[in-house]
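Okay, structure first, notes after.
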Amino acid sequence: MPLASASSGPSADNASSLGDTDRQSIESIAKDIATAIIERRLPPGTWLREEALGRVYAVSRTKVRAALVMLAKDKLIENIPDKGCFVSQPSVEEAREVFSVRQLLEAEVVRLFMARAKPRDYQLLAEQIKFERQALHVRSATSTVRERLLGDFHVVLAEATGNRTLSDLVRELVARSSLIAMLYHTSNDPQCSSDEHEELLKLCRSGDVEAAVESMRAHLSRIETSLQLESQPHNRQLDLVNALLKHE
């Protein structure tokens, strides 16, 4: 998950005075909360209480605030004045925008990948698909684990282009897509997604750029179609501390 630098944003002055250890601590907290959001332990609308987070991570509220600033920059949380920070609840319009942008960006990812990829990159993607397959057939693997692996395929593909800015954007959008899927109850079939990943990789190996690009577009379109964007999002309350301490 691309996390904004602790030296930027509203807390820039405070963050710039922190030592390396403090910055690493803040980044670690931000990454841990981001992981909990992506793994659906913290659903959209969850109130991220600074006091509770301070207890979980045994740090000051100043560090908690700096970590929340990072997450807000990545659109994973929103800071509502006079209320606090909450896990983002993307609107239907935002959900459609995210997938529209993914269509544009990931088409370019496929083009760049095919132009620059080395045998090792193809091997990494094949291994990622293998991990997906294993998760699909392990009864103890949760739907969260399966969906996270499916999202990782897109991130690994983007990273293989060598374009860090592009891969960071894809990583952020994949994380936001996870929030959207959680909020709007996706009916996406993990097996189908994994099959489509395998087909995409096969087309990339064949050298047919346009067919590979169209495969990616169709894949993302099907995932968007699986969302119940016309339904009312469900917002459940939970114990923040227990959710953060729980690991899949």
Side-chain angles (χ1 to χ4, degrees), residues 1-91 94-95 97-98 101 105 144 148 151-152 154-155 158-159 163-183 235-248:
M1 156 82 29
L3 296 174
S5 170
S7 61
S8 63
S11 58
D13 292 339
N14 291 335
S16 63
S17 64
L18 295 173
D20 289 341
T21 301
D22 287 330
R23 280 195 291 271
Q24 290 172 2
S25 174
I26 292 168
E27 289 174 359
S28 177
I29 292 168
K31 288 179 180 178
D32 192 63
I33 296 173
T35 298
I37 292 173
I38 295 169
E39 291 183 347
R40 305 189 178 190
R41 285 182 279 127
L42 294 177
T46 300
W47 179 22
L48 301 176
R49 303 186 303 279
E50 291 181 3
E51 182 180 358
L53 293 173
R55 290 200 308 272
V56 169
Y57 298 107
V59 297
S60 67
R61 293 178 71 171
T62 298
K63 289 185 178 180
V64 168
R65 290 192 190 103
L68 294 177
V69 167
M70 291 182 177
L71 294 168
K73 287 181 177 296
D74 289 330
K75 310 296 184 183
L76 288 183
I77 71 170
E78 55 182 337
N79 189 348
I80 301 178
D82 301 322
K83 290 187 178 181
C85 290
F86 299 81
V87 177
S88 294
Q89 298 190 83
S91 65
E94 183 179 349
E97 288 175 352
V98 165
V101 173
L105 283 182
T144 297
R148 185 174 70 242
D152 286 347
H154 294 260
V155 176
E159 288 176 341
N163 187 318
R164 184 173 179 177
T165 300
L166 184 59
S167 62
D168 281 352
L169 287 170
V170 170
R171 188 179 293 107
E172 176 187 326
L173 289 169
V174 166
R176 291 172 69 183
S177 296
S178 180
L179 267 177
I180 290 166
M182 189 181 350
L183 188 60
N235 182 17
R236 63 185 178 89
Q237 299 298 315
L238 81 169
D239 186 319
L240 173 62
V241 174
N242 286 337
L244 285 172
L245 294 178
K246 175 185 176 184
H247 294 279
E248 298 287 354

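Only this structure's heavy atoms are used, side chains among them; waters, hydrogens and symmetry mates stay out. All residue numbers refer to positions in the sequence shown, counting from 1.
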Notebook entry, point to check: Hey, are R176 and E172 close enough for a salt bridge, meaning a charged N less than 4.0 Å from a carboxylate O?
Noted result: yes
Notebook entry, point to check: C85 and side-chain contact (heavy atoms from CB on, under 4.5 Å): which partner among I33, T46, N79, L71?
Noted result: N79
Next item on the list: Measure the spacing between CD of E50 and OG of S60 and express it to the nearest 0.5 Å.
Entry: 10.0 Å
Margin query: Walk me through whether E51 and R61 qualify under salt bridge (Lys or Arg N to Asp or Glu O under 4.0 Å).
Written below: CA-CA 7 Å; E51 182 180 358; R61 293 178 71 171; 5.4 Å; no
Margin query: If I compare all heavy atoms of V59 with all of S25, which pair ends up nearest, and what's the gap?
Written below: CG1-OG, 4.1 Å
Item checked: Residues E159, R171: salt bridge by 4.0 Å N-O rule -> yes
Notebook entry, point to check: Got F86 and L48 here, is their nearest side-chain heavy-atom distance under 4.5 Å?
Noted result: no
Check: If you take all heavy atoms of P44 and S88, which pair is closest and at what distance?
Finding: CB-O, 3.3 Å
Check: What distance separates I38 CD1 from M182 CE, expressed to the nearest 0.5 Å?
Finding: 9.5 Å
Margin query: Looking at D74 and L76, would you say the former's side chain and the latter's main chain have a donor-acceptor pair under 3.5 Å?
Written below: no
Next item on the list: Determine whether P43 and V87 make a side-chain contact, defined as any pair of heavy atoms from C-beta on separated by less than 4.5 Å.
Entry: no
Next item on the list: Looking only at non-hydrogen atoms, find the nearest pair between I77 and L68 and report the distance.
Entry: CD1-O, 3.2 Å
Margin query: Quick check: do P90 and L183 have side-chain heavy atoms less than 4.5 Å from each other?
Written below: yes
Checklist line | Pairwise distance NZ(K75) to CG(L179) - rounded to 0.5 angstrom | finding: 13.0 Å
Notebook entry, point to check: Are the side chains of V56 and D32 in touch, meaning some heavy atoms are under 4.5 Å apart?
Noted result: no
Checklist line | Spatial distance of atom CD1 (I26) from atom CE (M70) [nearest 0.5 Å] | finding: 6.0 Å
Checklist line | Distance, nearest 0.5 Å, that separates NZ of K83 from CD of E78 | finding: 10.0 Å
Check: Any donor-acceptor pair under 3.5 Å linking the side chain of T35 with the backbone of K31?
Finding: yes
Next item on the list: Any chance you could measure L105, atom CG, to S167, atom OG, to the nearest 0.5 Å?
Entry: 11.0 Å
